[in-house]
Amino acid sequence: MRVVTASEMKKLDEKTIKNIGIPSLVLMERAGISVVEALWRELGNLSNQSFLIICGKGNNGGDGLVIARELLNFTEAVKVLLFDSSEKLSDDNRKNLELFKNVGGEVMYIQNMNYDDIAQLIENYDVVVDAIFGTGLSKPVTSPYNEIIDLVNLYSKYTVSVDLPSGISADTGKILGAAVKADLTVTFEFPKVGHILFPGRKLTGKLKIAKIGIPRALQDILPSDRFLITPNTIKIPERLRESNKGTFGKVIIVGGSPNYIGAPLLSALGAIRAGAGLVYLFGPEKVVYNAVQFEPGIIACPFNDNYLTEKAFDYLLRFVDKKTVIVLGPGLGREKETEDFVKKVLQNLSVPMVIDADGLYHLSNFKDILGSKQNIVLTPHPGELARFENLSVEKVKYNYILAEEIAIKYHTILALKDVTTIITNGKNVYFNITGNTSLSKGGSGDILSGLIAGFISQGGSLLDSTIAASYILGRAAELYDFEGRNKITEILDLIPQAIREVVS
Ligand SMILES: NC(=O)C1=CN([C@@H]2O[C@H](COP(=O)(O)OP(=O)(O)OC[C@H]3O[C@@H](n4cnc5c(N)ncnc54)[C@H](O)[C@@H]3O)[C@@H](O)[C@H]2O)[C@H](O)CC1
Ligand SMILES: [K+]
């Protein structure tokens with residue numbers, strides 16, 4: 001499913017109105033009705049509820065006035081709150097204000113009230129409809145908008161936002177001054193970036209996407225480069241019955257050090273749960289023997305030292321063949337001699353690699369090597385990417401445009417792991433929103449790295465495998481929400497069911 005920006009949505013609107021000839025008032029009417037329908041589905045009988053619709057001066061406010069007029073067909077307990085009687089309203093807003101009044105609708109102006117009265121008013125209604133700003137928000141909100149938004153957040157019993165929570169940037173999900181915290185948001189035709197990235201995603205509440213008649217034929221004008229990952233985005237290699245362990249590829253997890261014994265094991269378990277045919281663990285002997293105790297399905301490649309040093313490379317070579325996929329990094333440690341090992345691996349091996357954790361730490365000291373590589377997946381979290389690029393976490397977090405640039409610069413697949421994970425090959429961007437706090441603990445990234453490699457080893461492309469792994473890991477966590485009180489290994493046990501959901 002495409003994810004759009006404000007300007008892309010505006011362009012779609014304009015083409016629909018100017019090229020196709022569907023009047024803007026028709027689009028507004030359908031938008032407004034779709035919100036009432038969503039409210040009816042969410043709240044059931046609307047006739048016994050009361051509604052306060054807070055309208056801005058633009059078309060978001062116009063939608064609100066359509067909603068108000070339609071709600072009057074269910075109940076008389078409908079009131080519209082406008083900001084300033086002298087405000088210059090958009091044409092469609094003004095028209096719908098007139099229609100609302102024509103059907104006996106009641107309007108109040110914030111300019112004539114004090115904040116206590118407004119707080120009281122908000123508190124007296126069952127539902128507040130936030131139709132202040134939508135995709136037209138262009139700068140941080142100021143008085144009186146921010147005060148009203150704060151009052152809605154303080155006193156509203158149930159808030160539904162039209163198109164976007166007012167105050168949220170459609171293009172970034174950032175709060176511009178102040179923003180409404182909605183229980184439900186009804187948007188039109190496509191999710192906006194602001195619904196997908198935090199804090200916009202949190203303030204959106206439950207998101208409903210309504211069709212309002214934008215012709216499908218026009219959608220080709222949209223750049224096809226931003227997508228919300230849904231089950232039908234997922235491509236997982238088919239598992240033919242006539243097969244043997246060699247059919248499903250070979251993954252070598254390269255990692256481990258005295259303080260990080262579990263990380264490479266978790267990565268190996270991720271590869272096993274993805275369905276890889278052979279999963280090797282190449283690491284310090286203590287780490288490897290520990291892993292095989294836990295999971296005898298892992299093939300042991302113990303290196304007789306506490307850390308993987310340059311000497312380990314020749315030993316690793318014995319296990320690598322052209323079908324191998326390597327996960328480089330889980331628990332590697334940050335010893336200088338390990339960096340020499342990592343450099344040698346990157347200089348001499350051209351097999352697909354998923355580079356995570358301390359693999360990224362070492363790689364950051366010789367990034368130019370990526371210029372000569374073809375099939376690398378980098379899986380940093382914001383802190384690791386900030387360090388990798390010598391930027392602040394603030395600059396990096398949820399910055400999908402920067403992520404695209406980095407993927408192009410190093411021509412890799414980049415998975416910027418977060419509550420919304422951003423996956424990009426530099427051309428397209430995919431947003432993953434599955435998961436919950438059961439993944440907010442050590443080891444989830446290790447599992448992900450193995451899961452990605454496991455899908456690649458079965459024939460998945462680097463991009464498809466990264467998308468599938470991110471979605472599947474999140475879905476596994478959702479299948480039984482431990483609310484964070486889980487062992488990370490319990491998520492592994494739910495991966496087969498999460499895969500079955502998308503392949504069946
Ligand atoms: N196809 C669709 O998606 C349709 C969407 N509709 C609705 O139209 C709005 C967008 O309307 P627009 O008039 O462009 O802007 P807003 O109503 O979001 O904003 C109102 C107005 O406010 C001004 N403004 C911007 N920032 C600030 C600020 N910080 N302080 C004060 N004023 C500000 C600016 O001039 C804006 O124009 C979309 O969200 C949908 O709800 C159509 O109704 C139907 C089709
Ligand atoms: K809104």
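We number each residue from 1, following the sequence as shown. Whatever order the structure lists ligands and atoms in, that order sets their numbers, starting from 1.
Distance CD1/Ile148 to OH/Tyr145: 10.0 Å, rounded to 0.5 Å.
Each of the atoms 13 (O), 17 (O), 20 (C) of ligand 1 lies under 4.0 Å from some heavy atom of Gly58. Close contacts between ligand 1 and Met9 involve ligand atoms 1 (N), 3 (O) [criterion: under 4.0 Å to a heavy atom]. In the vicinity of Val141, heavy-atom distances shorter than 4.0 Å reach the ligand 1 atoms 29 (N). With ligand atoms numbered from 1 in the order given, ligand 1 contributes 31 (C) to contacts under 4.0 Å with heavy atoms of Tyr145. Residue contact check: Ser138 has heavy atoms under 4.0 Å from atoms 25 (C), 26 (N) of ligand 1.
For Asp493, the salt bridge (charged side-chain N to carboxylate O under 4.0 Å, His left out) partners two or more places apart in sequence, or in a different chain, are Arg273.
Panel note: side chain Arg94, backbone Asp92; no donor-acceptor pair is recorded below 3.5 Å. Side chain of Asp464 to main chain of Lys235: no donor-acceptor pair is present (N/O by atom type, distance under 3.5 Å, no hydrogens or angles). Checked by atom type and distance alone, the side chain of Thr159 never pairs as donor or acceptor with a backbone atom of Ala182 at under 3.5 Å.
Residue contacts with ligand 1 for Asn60 involve both N, CA, C or O and side-chain atoms from C-beta outward (heavy atoms, distance under 4.0 Å). For Glu189, no heavy-atom contact with ligand 1 is shorter than 4.0 Å. Counting heavy atoms closer than 4.0 Å to ligand 1, residue Asp163 contributes side-chain atoms (C-beta onward) but none from N, CA, C or O. Here Ile212 has side-chain heavy atoms under 4.0 Å from ligand 1, and that is the only part of it that gets that close. The proximity of Asn59 to ligand 1, defined as any non-hydrogen pair under 4.0 Å, involves the side chain as well as the backbone.
Among the backbone and side-chain atoms of Leu164, an N, O or S atom lies under 3.4 Å from the K ion (ligand 2). Taking 3.4 Å as the criterion, Ser161 does not count as a coordinating residue of the K ion (ligand 2), since none of its N, O or S atoms falls below it. Residue Phe133: an N/O/S atom is found under 3.4 Å from the K ion (ligand 2). Counting backbone and side-chain atoms alike, Val162 contributes an N/O/S atom closer than 3.4 Å to the K ion (ligand 2). In summary, an N, O or S atom of Asp130 is located under 3.4 Å from the K ion (ligand 2). Residue Ser166 counts as close to the K ion (ligand 2), with an N, O or S atom under 3.4 Å.
At under 3.5 Å, a nitrogen or oxygen of Gly136, whether backbone or side chain, sits near a nitrogen or oxygen of ligand 1.
Residue-environment remark: NZ (Lys202) stays at or below the threshold of 12 foreign heavy atoms within 6.0 Å. Within 6.0 Å of NZ on Lys157 lie more than 12 heavy atoms contributed by other residues, nucleotides or ligands.
A side-chain contact (heavy atoms from CB on, under 4.5 Å) with Lys192 is found for one member of Asp163, Asp171, Val3, Leu207 and no other, namely Asp163.
Classification of Glu404 and Lys409 as a salt-bridged pair fails, no side-chain N sitting under 4.0 Å from a carboxylate O. We find that Asp225 and Lys427 are not joined by a salt bridge, their nearest charged nitrogen and carboxylate oxygen being 4.0 Å or further apart. With salt bridges taken as basic N to acidic carboxylate O contacts below 4.0 Å, one links Lys206 and Glu42. A salt bridge is absent between Lys11 and Glu8: the closest approach of a Lys/Arg side-chain nitrogen to an acidic carboxylate oxygen does not fall below 4.0 angstrom. The residues Glu384 and Arg387 are annotated as not salt-bridged, no charged nitrogen and carboxylate oxygen being separated by less than 4.0 angstrom.
Relative orientation of the Tyr400 and Phe431 rings is perpendicular, given thresholds of 30° and 60° on the angle between their planes.
The protein non-hydrogen atom at the shortest distance from atom 4 (C) of ligand 1 is Asp13 OD2, 3.4 Å. Of all protein heavy atoms, the one closest to atom 23 (C) of ligand 1 is Lys57 CE, 3.9 Å. Regarding atom 18 (O) of ligand 1, its nearest protein heavy-atom neighbour is Gly134 N, 2.6 Å. Here the heavy atom of the protein found nearest to atom 30 (N) of ligand 1 is Phe133 CZ, 3.7 Å.
Distance remark: protein heavy atom present below 4.0 angstrom from atom 32 (N) of ligand 1.
Here atom 10 (C) of ligand 1 lies nearest to Thr135 when heavy atoms of Thr135, Leu89, Leu12, Ile17 are compared. Ranked by closest heavy atom to atom 42 (C) of ligand 1, the top entry among Leu65, Asp63, Val66 is Asp63.
Note that Lys367 lies in the cation-pi zone of Phe388, set by a 6.0 Å cut-off to the ring centre and a 45° limit from the axis. Figure legend: cation-pi geometry between Lys181 and Tyr155 absent, as NZ or CZ is not positioned both under 6.0 Å from the six-membered ring centre and within 45° of its axis.
At a 4.0 Å cut-off, at least one heavy atom of Pro140 sits close enough to ligand 1 to count as contact. The shortest heavy-atom distance from Lys139 to ligand 1 is under 4.0 Å. Not close to ligand 1: Thr142, with no non-hydrogen atom less than 4.0 angstrom away.
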